[in-house]
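Since this is a predicted model, take the numbers as computed values, not measurements. In what follows, chains carry the letters A, B, and so on, assigned in the order in which the sequence lines appear, proteins first and then strands, with residues in each chain numbered from 1.
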Amino acid sequence: MPAGEAPAAPAASPPVARARTDRWAWVGSPLALLPLLLVATVAIVLLVASGLHNFGGSFWSTRYNFLPGDPAGSSWGIGAFVAGTAITAGLALVLATALSLALSISIVVYLPSLPSRVLTILTNLLAGIPSVVYGIWGFVVLAPYFGFTLEPGLRDVLGWLPGFGGPASEIGPYGILLAVFILTIMIIPLTTALMRDALRSVPHDLIDAGLALGATRWEVARRVRMRTARLGIGSAILLGFGRAVGESVAVAMVIGAVPRLPLSLYSASTSQASFIFYQLDSAFFYPFLLRFLVEIALVLLAIALIVNLAAQRLTRTEIATATTVGGAGGP
Amino acid sequence: MALASGVAGPANGADLLTSTGRLRRRLVFDRVIGWALLAAFLVVLFPLFDMLYWVSAKALPTLTWGTLTQNQVGTGGGLYPMIVGTFVLIGIATAISTAIGVVAGFYTSEYAPAPVARVARIAGNLLAGVPAIVLGYFGYFLLVIYTGWGFTALAGGITLGIFMTPYIYRTTDVALTNVPPAQREAALAMGSRRGQYLVRVAFPIAIPTILTGIFFAMALGLGEAAPILYTAGFSSTPITSLMSPTGSLAVAIWQFYDFPSTYGSFLALAFQAAFLSIVIVLVLNVAVQLLSDRYRRRLRGLYQ
């Protein structure tokens with residue numbers, strides 16, 4: 001869907017023919033406000049379920065010490081989980097930003113229309129693959145390669161860099177780096193589609209002016225398109241971050257699921273979304289653990305909403321393409 | 001490589017072969033970076049094809065007719081209950097999210113006063129930004145615990161419906177907003193009411209885009225285990241009523257993927273579930289492509 005070419009939101013419709021029988025307005029107004037209500041309800045339900053009493057004290061601690069039979073002796077803080085989320089989503093975002101910029105400039109500036117169409121369809125196809133499938137592919141196919149080839153190699157070559165030298169994951173080949181890679185390819189279709197639309201919506205006058213002054217295609221892409229579209233690109237980056245932060249299943253399958261701060265890029269760790277995903281069934285029996293999970297969920301919700309609002313603030317234009325990537329297929 | 005747009009050639013006819021010095025360096029850099037950027041496609045295309053290859057390679061040798069028609073028994077059997085469950089969940093979710101999303105889109109694009117439309121759009125995007133697992137927790141507390149239903153297909157369907165709604169809402173809103181204004185002016189000038197304009201003029205024009213949104217939301221919903229694991233639960237027998245727990249393909253992969261190799265047949269089941277989900281998503285993708293192409297061709301004249 002060519003939503004990138006969408007005109008700005010329409011002004012209020014002129015009061016033409018406001019008839020008695022506008023049942024769509026009657027039914028539609030509560031439904032249109034339903035998303036707002038739902039977001040608020042989600043927050044309230046989680047607040048109530050958390051019991052509102054664990055905030056404070058060791059809340060931000062990075063220790064996690066869960067003793068199933070002993071609520072009083074158990075102690076934990078949310079620090080390790082927030083850190084795991086920030087590290088995996090942050091690194092994935094750095095990679096995805098660089099790659100998506102390359103892909104979108106390629107598609108918009110360099111490639112002829114047929115290859116550009118085909119590559120767009122293939123990128124969108126990637127968006128349609130279920131996240132559990134990413135997870136099982138990472139778990140079965142990618143993990144041995146990462147654990148036994150890529151990571152030892154990285155340690156030999158880049159071991160002197162912070163993070164690259166630390167210990168390997170102690171539970172098989174699962175850890176941070178694998179999760180970062182999976183997240184990167186999961187968010188690339190989204191960020192690429194958004195950046196593509198942003199680069200494409202740069203006014204033709206500016207581009208023609210650049211070319212007329214003798215700039216090469218790359219110079220125009222770099223100094224005219226990217227500069228003019230910087231808000232759209234920033235918004236794409238933030239929305240990609242939001243997607244990466246919220247991903248639970250695929251990360252849970254490959255990150256190693258050890259609730260602690262990561263010791264290195266290769267070490268097993270955890271993230272907020274993945275932890276609350278795989279821990280809920282053990283929490284059925286331990287109400288005090290359940291409350292902690294809900295607190296993690298609340299912080300996750302807060303992060304996601306703030307990132308999303310910031311992205312929307314950057315571009316007042318429609319960000320609907322974010323929601324339709326993968327469906328349309330065409331550029 | 002040719003230019004994507006039909007404007008001038010690289011640097012406006014400046015020739016790579018005859019130019020010298022700084023200009024030549026810039027032209028060469030332009031070419032080199034054009035090819036270098038293509039390398040990024042490897043990073044995207046390799047995972048895509050590797051994933052399709054491995055999932056097929058691991059699933060197809062053990063895929064039989066029984067996989068589609070039998071219940072899961074122990075570590076073997078088939079995925080019949082999960083296939084049925086997936087369609088039931090997606091069915092409920094699509095019905096709910098389409099009803100809400102399309103009607104809300106009608107209202108936002110045509111009737112809502114500007115400030116209301118603004119808030120509604122921001123809220124819609126916000127809902128799309130809520131992580132799926134957080135919606136899963138919401139469904140668990142509200143529809144499983146608070147209502148006392150326990151794990152039910154209905155709770156799973158509703159939660160999945162909430163997850164899918166913002167996508168359908170957005171596409172409907174954008175599709176209707178993008179209908180050429182001349183259509184609206186003509187319809188209103190002929191004396192039609194706004195409701196009539198929406199249903200008889202704008203909606204038929206917007207249908208391909210709306211369908212794209214619905215199919216895309218379905219594909220997203222199919223692949224998400226997070227909203228349904230703790231609402232629909234899991235079951236290895238076919239669903240008996242909407243108020244019973246049900247398995248689904250996405251959750252099946254999660255349930256079966258992590259067992260020691262002595263239970264290898266579990267992993268085979270997980271890969272078969274992954275294969276079936278991919279097939280369903282690809283079919284949805286192709287269907288939406290064909291449908292929207294057909295409508296687009298029929299409506300081509302409108303946009304000129």
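Interface remark: B:Leu282 contributes side-chain atoms only to the contact with chain A (heavy atom separation under 4.5 Å). For B:Val251, no part lies near chain A; criterion is any non-hydrogen pair under 4.5 Å. For B:Ala117, no part lies near chain A; criterion is any non-hydrogen pair under 4.5 Å. Only the side chain of B:Leu135 comes within contact range of chain A, with at least one heavy atom under 4.5 Å from a heavy atom of that chain. B:Leu229 touches chain A through its side chain: at least one heavy atom from C-beta onward sits under 4.5 Å away, while N, CA, C and O do not. Contacts of A:Val307 with chain B are absent, with no heavy-atom separation under 4.5 Å from either backbone or side chain. Of the atoms belonging to A:Ser248, it is side-chain heavy atoms, and not backbone ones, that fall under 4.5 Å from chain B. Both the backbone and the side chain of A:Leu280 come within less than 4.5 Å of a heavy atom in chain B. Of the atoms belonging to B:Phe29, it is side-chain heavy atoms, and not backbone ones, that fall under 4.5 Å from chain A. Contact of A:Leu305 with chain B is made through backbone and side chain together, with heavy-atom distances under 4.5 Å. For B:Tyr140, the part lying under 4.5 angstrom from a heavy atom of chain A is the side chain only. At a 4.5 Å heavy-atom cutoff, the contact between B:Ala99 and chain A is made by backbone atoms alone. Of the atoms belonging to B:Val199, it is side-chain heavy atoms, and not backbone ones, that fall under 4.5 Å from chain A.
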Is there a side chain to side chain contact (heavy atoms under 4.5 Å, CB included) between B:Leu188 and B:Arg184 once you walk through the steps?
CA-CA 6 Å; B:Leu188 296 185; B:Arg184 182 168 189 279; 3.7 Å; yes
Between A:Met253 and B:Trp254, is a side chain to side chain contact (heavy atoms under 4.5 Å, CB included) present by the stated rule, with each step listed?
CA-CA 8 Å; A:Met253 287 160 110; B:Trp254 168 254; 3.7 Å; yes
Test A:Glu219 against B:Asp30 for side chain to side chain contact (heavy atoms under 4.5 Å, CB included), laying out the working first.
CA-CA 8 Å; A:Glu219 287 159 353; B:Asp30 180 60; over 6 Å; no
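A donor-acceptor pair under 3.5 Å is formed between the side chain of B:Thr86 and the backbone N or O of B:Leu249. In this structure, B:Gln196 contributes its side chain and B:Arg193 its backbone to a donor-acceptor pair below 3.5 Å.
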Using distance only, find each side-chain donor-acceptor pair of residues 36-49 of chain B under 3.5 Å and give its atom names and separation, not counting sequence neighbours.
none

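Partners of A:Trp137 under the ring-ring contact (aromatic ring centres under 6.0 Å, His included) rule, at least two apart in sequence or in another chain, do not exist in this structure.
In summary, the side chains of B:Tyr169 and B:Thr108 do present a donor paired with an acceptor at a separation below 3.5 Å, with no hydrogens or angles considered. Side-chain contact of A:Thr191 with A:Ser100: a donor-acceptor pair under 3.5 Å is present, judged by distance alone.
Looking at B:Met164 and B:Met218, their side chains come closer than 4.5 Å, going by heavy atoms from C-beta outward.
When the candidates A:Leu103, A:Leu99, A:Val39, A:Val45 are compared by the number of heavy-atom contacts under 4.5 Å with chain B, A:Leu103 comes out ahead. Among the candidates A:Ile276, A:Leu46, A:Ile188, the residue making the largest number of heavy-atom pairs closer than 4.5 Å to chain B is A:Ile276.
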